[in-house]
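Below is one structure; the comments refer to it alone.
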Amino acid sequence: MTRTVSAGGVAIGGGNPVVVQSMTNTPTADVRATVEQVRRLQASGCEVVRVAVPDRPAAEAIRELKREVTVPLVADIHYDHRLALAALAAGVDKLRLNPGNIRDPEKIVAIARAAGERGVPIRVGVNAGSVDRRFLGPRGEVTAEGLVDAALWEVELLERAGFREVVVAIKAHDVPLTVEANRLLRREGDWPVHLGVTEAGTEWEGAIRSAVGIGILLAEGIGDTLRVSLAGDPVREVEAAWEILAALGLRRRGPSYVVCPTCGRTGIDVPGITRAVRAGLAHLVQPLTVAIMGCPVNGVGEAERADFAILGGKGFGTLYAHGQVVQPKVPEERLVAELVALVLQEVGEHA
Ligand code: SF4
């Protein structure tokens with residue numbers, strides 16, 4: 001079991017539910033744009049939001065952001081330890097430090113003291129792209145052992161300074177390297193582990209790489225919080241994170257979909273219906289299973305076990321709720337509206 005740290009009231013580690021994080025990609029000093037994005041992230045299920053702090057105006061903006069949003073904020077700090085101190089003074093809930101580019105022990109200890117006074121945790125975030133040269137292999141290669149040593153170097157500095165509110169992350173774009181490094185890390189101590197595959201790509205390949213890397217580790221019981229890193233709208237990171245957690249049965253938020261892959265038997269537009277149903281139910285947070293199946297072969301069993309289902313025929317579908325047929329023959333063009341209305345009625349909303 002890892003130790004527990006608290007970031008703005010959100011518990012990370014200690015067997016608490018795996019926390020979903022993301023990061024804004026607006027200029028942090030543009031408070032209006034950043035508030036809008038943080039709110040979208042929170043609405044989509046993000047529980048801790050990181051913001052880049054590349055300069056003093058960004059650090060100062062945290063003060064105003066904290067007045068506008070309720071989700072805990074993490075300041076992402078590189079190069080300049082004074083930005084960490086400024087972010088702490090502005091009321092940030094957590095820091096991320098990169099041991100690859102703030103290397104002066106005195107400066108790190110100064111951050112630890114200021115964070116300790118405020119009860120703010122620090123994530124030691126090692127990234128293969130910025131690991132200190134001291135921790136590279138003899139030919140300049142990045143190794144799992146080197147990534148772990150880079151993290152432990154800073155963790156030990158913090159702990160020698162009496163600071164224990166530490167979270168550790170080791171990320172690489174290489175999935176096997178990320179997995180191996182996190183396995184090694186987990187054996188070294190009881191710090192909560194933040195998972196991620198960094199620089200994973202755009203939505204499609206990034207989500208797959210992240211699901212493989214993060215999924216392997218979570219399935220082994222490693223990981224207390226995670227961020228899926230995607231180039232694009234960070235809301236998609238949050239959606240991917242929840243899919244990973246739901247796929248492993250760790251946490252669920254909103255509808256999960258059981259969708260047949262379609263084949264020569266399919267008699268309705270399964271992909272189109274699924275997209276439309278997903279859009280109609282996107283705002284729900286209640287865990288539900290919705291099956292959309294193209295024919296009775298596997299459809300009957302899936303429909304009977306789902307909370308709600310469409311079982312396709314030729315140009316029509318049968319609607320199920322909790323294993324029972326509720327409308328036997330709905331024309332295809334009415335299927336989306338009828339299913340969405342049925343679900344919303346159950347959860348107390350009206351279509
Ligand atoms: S459920 Fe029916 S339509 Fe869908 S893939 Fe299976 S056999 Fe094909």
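Read the numbers this way: they start at 1 and go in the same order the structure lists the ligands and their atoms.
- Listed by chain and number, the protein N, O or S atoms at a distance under 2.8 Å from atom 4 (Fe) of ligand 1 are Cys260 SG.
- Separation of atoms OG1 (Thr198) and CZ (Arg227) is listed at 7.0 Å; rounding is to 0.5 Å.
- Summarising the geometry of Ile273 relative to Ile310, their closest heavy-atom pair is CG2-CD1, 3.8 Å, with the distance given to 0.1 Å.
- Between Val71 and Val48, the closest heavy-atom pair is CG2-N, 3.9 Å.
- Between atom CD of residue Gln327 and atom CG of residue Leu339 there is a gap of 9.5 Å, rounded to the nearest 0.5 Å.
- Within the 4.5 Å cutoff, the side chain of Gln21 has heavy atoms near those of the Lys94 side chain.
- A donor-acceptor contact closer than 3.5 angstrom is absent between the side chains of Arg236 and Thr202.
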